[in-house]
Structure formats: structure tokens, C-alpha cells
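Contents: one structure, followed by commentary.
Chain letters run A, B, ... following the sequence lines, proteins first, then strands; residues in each count from 1. All values below come from the heavy atoms of this structure, side chains included, with hydrogens, waters and symmetry mates left out.
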Protein chains: 2
Amino acid sequence: MPSGHMKETIKSVAIDLFFKKGYFATSISDLARGSGIQKASIYYHYASKEELLFHILENTMDDLTACLKTNLENVAGVEERMRAAVRSHVRFHLERQKENFIANSELRGLTSEHYQDIVKKRDRYERIFQELIREGSDAGVFAPGDVKILSYAILTLCTAGATWFKPSGRLTIDEIALIYENFIINGLKMGTIDSDASNLKNGRTVPLENKKYNVK
Amino acid sequence: MPSGHMKETIKSVAIDLFFKKGYFATSISDLARGSGIQKASIYYHYASKEELLFHILENTMDDLTACLKTNLENVAGVEERMRAAVRSHVRFHLERQKENFIANSELRGLTSEHYQDIVKKRDRYERIFQELIREGSDAGVFAPGDVKILSYAILTLCTAGATWFKPSGRLTIDEIALIYENFIINGLKMGTIDSDASNLKNGRTVPLENKKYNVK
DNA sequence: ACCTTTCTACCGACCGGTCGTTAGATGCAC
DNA sequence: GTGCATCTAACGACCGGTCGGTAGAAAGGT
């Protein structure tokens, strides 16, 4: 089971357990047990539990961005580039599901400095998509729309796959990637996306927090 | 700030803190401090921390479903019904952002019995959307596609709003709801959604977990 | 009206247990 | 014997939860 370096073993055990039980619910003892060492020995490799988490998240974010950049190399045309970007994003999230799940659910375990590091990396990644949307919109290929909201939509859509995807499931990663790719390109292309909310005709349709449900 | 009953005060303090710091990071002492009582007094109103969490989640899920059902009453036509459903979903998640965020991130805090209760409620809710997609697809209004994947896509897309939405932000809830509504209807309507993955032409484009990045 | 009992809502003190972390000794490869 | 990797042992902090008790309002009998 151990793959040479104990530091890597600990890391991969951590990825497993953080994914399965969550960061806070996973104790150093759990990590030690899973790695086959005593819990004090963890501290020879990592300064703290939080540093271990940060290490995982940082690696994931760096690989995610590197992956996207590589997959965009030599791809021409804004639609094809967006397709490639979505494909890259979906595949990365499904192939490395556990790490991505952690990256999206355990940010609160970080110190504020580390948190900001990760958010900065995430923002840089998002900006690549936003730039693509803007390009496509300028070129008339995509409908004009709110770039930020659309980028969030695209990314969270694909990211969500990491929460429900089962490698043993009905569909392969490539099939899922294609479904998303088409869904998104479709949503972006047509001209019906606008922010004209003038035709909204409604009062409150949602119950307030902690209030009993009442409509109209 | 306290609204009559202490039980309600505790609940709303819990919603605030679970949203801000997370369920595990919020201690009973935190809840007591926020509610202005001693921590032992919390147990007069709730049997345990977990029961309090369950109480919040159960309420939220029940209201979510009730809200959808009401908003679908007297709406005819499958496209209009889907639009109404998306609108209901987005609005509920943005208006009651904190509770919904908790409901999507703190399920792991539940006992397995309570967890299954909530998942059952969530599945019932999802099935309403899946039924809508199937109807629309049968009627030829929506393109045929994988019903489950599409329903996940729709729901997670809208749900994600609860993670980044700022009430003081640029766009109103209704504007965001409209953007999503159009994006989704668009994605569903066109005929390009299929699972024909026969034209996939690629090797590995994603680095493996814990492996250095390498393409092709 | 009076006294007694019950119930509600809370408090202060405390428990066993687990947590992340540290200090210092030990084995082992070179 | 030098240094790396791991060990045993322990630390203080804090956790969720329990306990016995209590002030005060309400209920009930006479």
C-alpha cells in the first residue's frame, strides 16, 4: 500500500478520509492509523493538520490550472476553446474527484492566510473562463450576458459532478463531459440570455427564514 | 433581537453561526453566548446539537418542497412549468440563503437515520424536476437527454447561488433567477444534447491524483 | 384567600473523553 | 556517530453533554 515516501502515503490517506468523513471529523489519529504509523510521526512530515489540508488544496488548484492551460494550447476559435475548457474542467473534477470535493467543501479549515492563497488561485482560474465568455460575446458567438454569473454557472455546474459522480456508474467521464459541454454551449449561444427583468410580475413567492410558509 | 420564544432564538443563532463558521466549528457554548443563555439551557430546548441541526434542515427541506408545489399550482404548459420551477428553486435558495447553504454543506453532521430522512426528502424534491424534464422530453419540447444528469445540473446550478450570493450585490434575486431560467430552458430545448460520445478523440488529459502533471 | 404541588426555563459546576500538538527517547541506515 | 524517521508518553484545551438545583409562574384543592 505505501508508495515509497511516507509523506505521500499520509497525503493520500488524508485525501481519502477528508473526502469520506470531512476534514474536521478526521482526526490525526485517523490519519496515523490509516498510514500505519503513530500520530506523533505525522508531525515529522507536516507541521500541522491545517498545513496538510493546505498542501492538498494548493496542489489541486495548481494542477487544475495547469491542466486547463495545456488543454487550451493550440485550440482555435472561441467556441472550440470554450468546449475544450469545459471538457478540461469536467474531466479534472471527475478524475480527481476526492481532491476537488475537498477543495470545494473544506476551505473553512484553512487559516485566513492560506484561505486567501487558495481563493486567489481560484479567482485566477475563473478569470480564464470569464475571458472566454467575454471574447465569445464580443465576437457575437455567444449572447451578451453577465460574465461573472455565467462563469459561476459554468464552473459550479461542472464542479458539482464531483459530489455525485460514482466511477462505477452508468456513464463514463467522457459521456458526462460531453453532456455538460453541449448544455453549456447551448446556454451560452442563444440570444435569450439577457438581464431584462422588467417583465417580472410577482410578489413574494418564498417563505421567509424561520417563518411559516405563506404565498402571495 | 430575540423573537419571543427562546427556542426560535437559538435556532436562528444556530443558522447564523452554522452558516458563518460551519456546524463542527460552532460549539454549544457559541450558540449559548449568541442566544444570551448558559449552554446547559440549550439542552432544555434541544436534545442535542445534532437534533438542532436536523431540525433546521428538516424545516428547510419541507418549506422548499411546499414552496415549489405552491408555485407550480395553476401553471400550464411544460416549458412554463419548468420556468416556474427554476424560478421557485432559485428564489428560495437566495431568499433563505443561510439555511440552504447549511443544508448543502452540513449533511455530514447528521446521524445516519436523520441523514436518510433528509436525503429522502431531497430525492422527492428532485423527482419533481425529473418528471418535468421527462414530460417536456416526451412532448418534444425539450431535447431527449439523461434525465438524472440534467436534473442534477439544473438543481446544483441554482443551488450554487446560495454559496456566492450577496444580498447587497449588483443583481437582485429576480434578475439572477431570470438569467438562470433562460440559461436552463435554452440548454434543455435545443437538440444538441445527446450522449453520442463516439467522436471522442483523446487520451488522458488530466493528471492522476497525487501524480505530477503529464499530458498525452 | 391560602397553601401545596407541579411545571417552565434557566443556571453553575462538572464529567469523561478526544483533540491537536510537543518533548524526548529509540531504532536504524550509512 | 551522525542524522533521519519513528516511537512512547504526555500535555493543556476544549468538546458535547449531564447533574442537581432554583426562582417564579401556573394549577388545583379546600
Side-chain angles (χ1 to χ4, degrees), chain A residues 1-57 102 105-115 210, chain B residues 1-57 102 105-115 210:
Chain A
M1 199 97 8
S3 65
H5 248 17
M6 181 52 57
K7 185 164 182 173
E8 286 301 312
T9 302
I10 296 169
K11 182 172 157 188
S12 91
V13 168
I15 290 173
D16 263 22
L17 293 184
F18 289 171
F19 175 70
K20 207 180 300 176
K21 320 190 346 172
Y23 173 73
F24 287 108
T26 301
S27 67
I28 299 284
S29 311
D30 292 334
L31 297 176
R33 200 173 310 120
S35 306
I37 54 174
Q38 293 299 313
K39 70 176 184 171
S41 307
I42 302 272
Y43 289 88
Y44 177 78
H45 302 282
Y46 296 96
S48 69
K49 189 184 174 189
E50 189 270 344
E51 201 203 73
L52 173 54
L53 175 64
F54 177 65
H55 196 72
I56 293 171
L57 297 194
I102 297 166
S105 59
E106 302 292 8
L107 288 180
R108 271 200 289 229
L110 297 171
T111 62
S112 62
E113 294 80 25
H114 282 163
Y115 176 83
N210 281 340
Chain B
M1 200 83 20
S3 65
H5 254 16
M6 182 50 56
K7 186 165 183 174
E8 286 302 311
T9 301
I10 295 170
K11 184 172 156 189
S12 92
V13 167
I15 291 174
D16 264 22
L17 293 185
F18 291 171
F19 175 71
K20 207 180 300 175
K21 320 192 343 173
Y23 172 72
F24 288 108
T26 302
S27 69
I28 299 284
S29 310
D30 290 335
L31 297 177
R33 201 173 309 117
S35 306
I37 55 174
Q38 293 300 312
K39 75 173 186 169
S41 306
I42 301 274
Y43 289 89
Y44 177 78
H45 300 282
Y46 296 96
S48 69
K49 191 185 173 188
E50 189 268 346
E51 203 203 72
L52 172 54
L53 175 63
F54 176 66
H55 196 74
I56 293 172
L57 299 193
I102 297 167
S105 59
E106 303 292 8
L107 286 181
R108 272 200 286 230
L110 296 172
T111 62
S112 61
E113 293 81 26
H114 282 164
Y115 175 82
N210 282 339

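Counting only heavy atoms from C-beta on, A/Lys39 has its side chain closest to C/dT21 among C/dT21, D/dG17, C/dG12.
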side-chain contact (heavy atoms from CB on, under 4.5 Å) evaluation trace for B/Lys11 with B/Tyr46: CA-CA 10 Å; B/Lys11 184 172 156 189; B/Tyr46 296 96; 3.7 Å; yes
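The existence of a salt bridge linking A/Glu106 and A/Lys49 is excluded, since no basic side-chain nitrogen approaches an acidic carboxylate oxygen closer than 4.0 Å.
Across every non-hydrogen atom of B/Ile56 and B/Ala14, the tightest pair is CD1-CB, 3.9 Å. Contact detail for B/Ile102 and B/Phe18: the closest heavy-atom pair is CD1-CB, 3.5 Å.
Counting non-hydrogen atoms under 4.0 angstrom, B/Thr26 reaches the backbone sugars and phosphates but no base.
Taking atom NZ of residue B/Lys7 and atom P of nucleotide C/dT8, one finds them 13 Å apart after rounding to whole Å. In this structure, CD1 of B/Ile37 is placed 17 Å from P of C/dT8, rounded to the nearest angstrom. Atom CD of B/Glu8 is separated from atom P of C/dA9 by 13 Å (rounded to the nearest Å). Rounded to whole Å, atom P of C/dC19 lies 13 Å from atom OH of A/Tyr23. Taking atom CD1 of B/Ile28 as the reference point, atom P of D/dA13 lies 22 Å away to the nearest angstrom. Taking atom OH of residue B/Tyr43 and atom P of nucleotide C/dA13, one finds them 18 Å apart after rounding to whole Å. Regarding B/Ile10, its CD1 atom lies at a distance of 15 Å from the C1' atom of D/dG16, rounded to whole Å. Residue A/Arg33 contributes atom CZ, which lies 11 Å from atom P of C/dG20 at whole-angstrom precision.
For B/Gln38, no side-chain nitrogen or oxygen approaches OP1 or OP2 of C/dC10 to under 4.0 Å. In this model, the phosphate group of C/dA9 is not approached by any side-chain N or O of B/Ser41 to a distance below 4.0 Å at OP1 or OP2.
Listed by chain and number, the residues in a salt bridge (charged side-chain N to carboxylate O under 4.0 Å, His left out) with B/Lys7 amount to none (sequence neighbours excluded). Checked against side-chain hydrogen bond (donor to acceptor under 3.5 Å, both in side chains), A/His55 has no partners two or more places apart in sequence or in another chain.
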Could you tabulate the donor-acceptor pairs under 3.5 Å formed by side-chain atoms of residues 19-28 of chain A, not counting sequence neighbours?
unit_1, atom_1, unit_2, atom_2, d
A/Lys21, NZ, A/Asp30, OD2, 3.0
A/Tyr23, OH, A/Glu50, N, 3.3
A/Thr26, OG1, A/Leu17, O, 3.4
A/Thr26, OG1, A/Gly22, O, 2.7
A/Ser27, OG, A/Ser29, N, 3.4
A/Ser27, OG, A/Asp30, N, 3.1
A/Ser27, OG, A/Asp30, OD2, 3.2

Contact letters for nucleotides 23-30 of chain C, in which S counts primed atoms plus P, OP1 and OP2 and B counts the base, heavy atoms under 4.0 Å: B-------
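Residue side chain B/Lys49 does not reach the base of D/dG17 through any donor-acceptor N/O pair under 3.5 Å, judged by distance alone.
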N/O contacts under 3.5 Å, protein versus nucleotides 2-5 of chain D?
unit_1, atom_1, unit_2, atom_2, d
D/dA5, OP2, A/Tyr44, OH, 2.4

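Among residue pairs with one or both ends in residues 36-48 of chain B, none qualify as salt bridge (charged side-chain N to carboxylate O under 4.0 Å, His left out); sequence neighbours excluded.
The backbone N or O of A/Ile37 lies less than 3.5 Å from no partner atom in the side chain of A/Ser41, so there is not a single donor-acceptor pair.
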